[in-house]
Amino acid sequence: METSRRTVIAAAAAAGLTAATIGTAHASGGKKPVRELFGRLADGTRVHRWSLENGGTRLKVLSYGGIVQSLEIPDRHGRYANVSLGFDNIEDYVAKTPYFGALIGRYGNRIAKGQFTLDGTSHQLSVNDGVNSLHGGAKGFDKHVWDVEGFASGSDVGLVLHYTSIDGEMGYPGTLRAKVTYTLTRHGDWRIDYEATTDKATVVNLTSHVYWNLAGEGSGSVYDHELEIAASRYTPVDSGLIPTGELAKVAGTPFDFRRSKTVGRDIRVAHQQLLYGKGIDHNWVLDKGITTRPEHVATLRDPSSGRSLRIASNEPGLQFYSGNFLDGTLVGTGGHIYRQGDALCLETQHFPDSPNHPSFPSTVLRPGQTYRTSTVHSFGA
């Protein structure tokens, strides 16, 4: 049975750890986040790192790309580990990162040939993934410095991040004003609230690209992690990882995670979709559909540490990526080399290539409308 964060904190206290040690908030609420200089870009622009702590969760976020540089949670014995992949310097984030921990926009995931038509006008986007556009193009939201403000409100602490994407940036129409709020609650939940407005009709699909390893970054493969996804269908892809338009049943395939199973159980089955992705890199069609409030969509658990992650969202899709392209060329925050399968991503979002599939949930945003979506990550041990 999954243990609540309160139980973990109580157990840690019984073991002699103080409230300050395990990161609980004071009765008056959490402490305001602390800012420090992390590095500078080539043009001299400063990149800051913000440190937050509340309810037993410790979070470090960069102003560059809104990147989660570190997220620490305790195991069943109250011992902390950073469960997200990343780097210890800004240079690697700029030159090498496969979107470690980043805010993704304007459009998370792929758009075929970097093209779409909206209201009769064709748009050509930046192409950066073969012939396709991925995660907003060559310089997406993950490669910009965001304006960041820290806050402590009641029992919550967090950050408010702002970025304005000008009309035509990476080929997207309209000036998009994005606001993303990271909140750590008194229970240690990490909540992301996304908002955006535009002055011209455009498409938008924001998400977070944290690479999870609940045993701790650099500890090895996540194939023994247990995963459950509340989805009966997924979107098959072609050889370029673009959805075919079909909403296929997961039953009888390696993509059936309706009941919890280990990530690696079926990952080497000779299935054409796994061959295309060199593993799993697919969108699940969540059974709940689009909802007004975040609802449970997935649970990830590491049996060795007891750590668990529950994800709730109001989005209709979940992109599950099994770290297929980690190739042993990257060295992470703990000084370990990252190899294939050393982490996985669970990205709540709308479907890939939606602008070219009228049957998919729409990602169009028009003037006068406000894009809003939320995702909540709850931790246990």
Side-chain angles (χ1 to χ4, degrees), residues 33-43 45-53 57-73 81-109 128 134-150 157-165 170 178-184 190-194 205-213 216-218 309 319 321 323 325-326 330-334 338 342-349 375 377:
V34 176
R35 188 183 77 164
E36 63 183 325
L37 182 65
F38 184 73
R40 296 177 186 268
L41 302 183
D43 64 1
T45 301
R46 293 185 176 190
V47 174
H48 291 101
R49 179 170 64 182
W50 292 78
S51 298
L52 304 77
E53 187 172 350
T57 299
R58 301 167 179 169
L59 181 65
K60 293 183 178 180
V61 176
L62 305 183
S63 57
Y64 180 79
I67 287 170
V68 172
Q69 193 251 344
S70 173
L71 195 155
E72 297 181 86
I73 56 174
N82 174 19
V83 297
S84 65
L85 270 57
F87 299 118
D88 63 3
N89 64 89
I90 190 59
E91 291 78 15
D92 281 350
Y93 279 111
V94 172
K96 302 178 181 180
T97 184
Y99 305 99
F100 283 156
L103 278 177
I104 302 297
R106 281 190 197 189
Y107 198 96
N109 224 304
N128 63 327
L134 174 66
H135 294 333
K139 192 174 182 180
F141 287 8
D142 60 294
K143 297 177 178 66
H144 290 273
V145 174
W146 291 59
D147 293 327
V148 185
E149 296 179 358
V157 300
L159 304 173
V160 180
L161 303 95
H162 291 273
Y163 175 68
T164 298
S165 175
M170 295 294 103
K179 173 186 175 183
V180 180
T181 304
Y182 289 168
T183 303
L184 284 186
W190 173 42
R191 180 182 177 113
I192 312 175
D193 293 292
Y194 305 89
N205 187 30
L206 306 182
T207 191
S208 172
H209 210 294
V210 172
Y211 282 67
W212 300 102
N213 184 326
E217 68 83 31
L309 164 65
Q319 184 79 11
Y321 167 58
F325 300 105
L326 298 174
L330 304 177
V331 179
T333 49
Y338 294 151
D342 279 359
L344 60 83
C345 302
L346 298 168
E347 306 156 61
T348 54
Q349 56 189 249
T375 295
H377 306 82

Is there a side-chain contact between [X] and [Y], using heavy atoms and a 4.5 Å cut-off?
X	Y	result
Leu184	Arg58	no
Leu103	Tyr182	yes
His209	Asp142	no
Leu330	Pro98	yes
Val68	Lys60	no
Phe141	Leu206	yes
Ser208	Tyr194	yes
Leu326	Leu85	yes

Please determine which of [options] meets the side-chain contact (heavy atoms from CB on, under 4.5 Å) test together with [X].
X	options	result
Trp50	Glu36, Arg35, Glu149	Arg35
Glu217	Phe100, Tyr338, Trp212	Tyr338
Trp190	Thr183, Val210, Thr375, Leu52	Val210

Of the options Tyr64, Tyr99, Phe87, which is the one that meets Tyr93 in a ring pair (Phe, Tyr, Trp, His ring centres under 6.0 Å)? Phe87

Check whether any side-chain N or O of [X] sits under 3.5 Å from a backbone N or O of [Y] as a donor-acceptor pair, and report yes or no.
X	Y	answer
Ser70	Asn82	no
Thr57	Ile73	no
Tyr211	Gly323	no
Asn213	Ala343	no

For the [atom1] atom of [X] and the [atom2] atom of [Y], what is their distance to the nearest 0.5 Å?
X	Y	atom1	atom2	answer
Arg40	His48	CZ	NE2	8.0 Å
Glu53	Leu59	CD	CG	10.5 Å
Tyr321	Leu346	OH	CG	13.0 Å
Lys139	His144	NZ	NE2	5.0 Å
Ile90	Leu62	CD1	CG	6.0 Å
Gln319	Ile104	CD	CD1	11.5 Å

Using every non-hydrogen atom in the two residues, find where Ala138 and Lys143 come nearest and quote the distance to one decimal. O-CD, 3.3 Å

Assess the residue pair His377 and Ile192 against the criterion (side chain to side chain contact (heavy atoms under 4.5 Å, CB included)); give the C-alpha distance rounded to whole Å, side-chain angles, the decisive distance to 0.1 Å, and a yes or no. CA-CA 8 Å; His377 306 82; Ile192 312 175; 3.8 Å; yes

Side chain to side chain contact (heavy atoms under 4.5 Å, CB included) assessment of Arg49 paired with Gln69: CA-CA 8 Å; Arg49 179 170 64 182; Gln69 193 251 344; 3.0 Å; yes

Give me the ring orientation class for Tyr163 and Trp146: parallel if the planes are under 30° apart, tilted from 30 to 60°, perpendicular past 60°. tilted

